[in-house]
Amino acid sequence: HGLRICIWPVNHLIQLLICKSIAGDGLQGVTSVALYHVRRQNVAMRPALKLLSIYSAICVCMMFLIAETRADQETLHILILNSYDEISAPYFRPTEVFKEKLQENHPGPIAFQHVDLRQRGTSVQFQIDESIAKLILNYFPGEPPDLILAAGPPAIDFWIRYRASTFPVSPFVAMARESYLRQVEFQPSDALVATQFSFTGAIDNILRLLPETSRVVFVFGDSQSERTLSEGARQQLGPFSDRISFEFTNDLTIPEIQDKLAGLPDGAVVFYGIFSSDVDGVALRRYSGLTMVRAASRVPVFGAFDDQVGDGIIGGNLIQVEQIGSEMTEAAQALLTNTHVPGTMTVVPLSKPRYDWSELTAWNIDFGRLPQGSEVLFRPPDFVEKYASWIVGFVVIVVAQGLLLITLLFQRQKRRKAEQAHASLGRRLITAHEDERRLLARELHDDLSQRLARVAIDAGLARSHCKTEEGSEELVKLHAEL
């Protein structure tokens, strides 16, 4: 009805314009006639206008229904605390996976609010944290966030300090290494996702592939979290100190690290840990630090995360980045749906051994040294794998041609047999014809010739005795004989 109300004045205006164009200014009678015809046409179009009005009304109702449905689905607000920033390793990729999978599984809209804590260990970090806490309150002036995610020990430490003064009751998901999470006091309702990694296992992997290794340089940055990791590595690697010397780059600048790696002798390797910034505070985004290390190093480079395979590390039992993001998503959904079991911790194990084929080949590492069940990635396909489709096509064509040739040969053999049978039949027919002719000739010669000879003899006798009674009898017999 609303559509018809809108169309009605426009429709009549169009009618008047049509009449004006038909009649002109001074012909009122003609104008009336034209208006009459236009109205008649309008009456004929009324069913179509009714259908159009009904269709428009249905569309408007559906639009209002969809709008009300979307209004009922409230936006899910999630606060993500980044230890450094949104694109710094190693936490950027698990966070990306978390966001992707949560958006796939959640039916309504989601608003992600990232807060970069930039925990670089500076002297004014406390004042910065105070300002960030106030900023977080301004991000959510009305309702608190529906979920809070802290990726990495720096972000977790920040939230533990300022939780009570910001959003103490909001569901919380924490992701960090298992040894760290077991030292922090959380609320029973918090969801914990823990990662595992063993520096002794990493050294065992290095010695398995490169038994002559005598020196390992660990690349870590200057932040407090990275220094804590370096100290933990020193403690774990004590049993290897009599065989291998260990060095750490926490106190070096990027140029100094490059020079150090470029001058390493044979028998040394590099282990790339977490490198978010150097001692001068130069920040490195994503895996740009790994790219720099791989380009500067003249010895093999190992790492800790599986998404670094293909970017310069050789490989081993690595931290599963994608799996961490998936476990974070499941933990968040459990909190949002009130199905989380309090006091539980999800531990993501290390991956099975996986290695980069190009790095193994570049450093001449024997593939026989790889652990059993290892997965070698980025291996170029061999000749059969590379041209498998061409080989299959060629085999199919050859087989098809072979079958066709066999069929043709079989048909040819059948045709020759048929031709031979036909020729034999022809020869038999000709022989039978000749035999029949010879039989007829023999019969003519043996029977008819003798009779003709006898008739000739009788005719001669009859001629000599034609005037006697005996001759007359011979003529009668001759006639009967003929």
Residue pair [X] / [Y], side-chain heavy-atom distance below 4.5 Å:
X    : Y    : value
R177 : P153 : yes
P145 : Y139 : no
L207 : I244 : yes
F98  : V173 : no
Y162 : I132 : no
P371 : Y355 : yes
V219 : V301 : no
I78  : I110 : yes

Exercise. Is there any salt bridge (Lys or Arg N to Asp or Glu O under 4.0 Å) pair reaching into residues 297-320, and which pairs are they, with sequence neighbours excluded?
Worked result: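 For residues 297-320: D266-R298, D306-R354.
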
Is a side-chain N or O of [X] found less than 3.5 angstrom from the main chain of [Y], in a donor-acceptor match?
X    : Y    : value
S277 : V282 : no
S83  : A155 : yes
H340 : D190 : yes
N317 : S351 : yes

For this session: Go through the steps to decide whether L137 and T166 satisfy the test side chain to side chain contact (heavy atoms under 4.5 Å, CB included), and finish with yes or no.
Result: CA-CA 6 Å; L137 290 173; T166 51; 4.1 Å; yes

Exercise. Roughly how far apart are F140 CZ and D146 CG, rounded to 0.5 Å?
Worked result: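 That separation rounds to 8.5 Å.
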
Exercise. When rounded to the nearest 0.5 angstrom, what distance separates CD in E375 from CG in L370?
Worked result: 12.0 Å

Exercise. Is there a donor-acceptor contact under 3.5 Å linking the side chains of S223 and S225?
Worked result: no

For this session: Using a cut-off of 6.0 Å, state whether more than 12 heavy atoms not belonging to E143 lie near its atom CD.
Result: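 Counting neighbours around CD of E143, 12 or fewer heavy atoms of other residues, nucleotides or ligands fall under 6.0 Å, so no.
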
Tell me whether the rings of [X] and [Y] are parallel (<30°), tilted (30 to 60°) or perpendicular (>60°).
X    : Y    : result
F271 : F218 : tilted
W357 : F367 : tilted
F199 : F197 : perpendicular

Problem set entry | Test of ring centre spacing under 6.0 Å for F305 and Y272 |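 That pair fails the under 6.0 Å test.
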
Exercise. Is R93 salt-bridged to E96, going by a charged N under 4.0 Å from an acidic O?
Worked result: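 The answer is yes: the pair qualifies as a salt bridge.
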
Exercise. What closest approach, in Å, do E226 and G221 show between heavy atoms, and which atom pair accounts for it?
Worked result: OE2-N, 2.9 Å

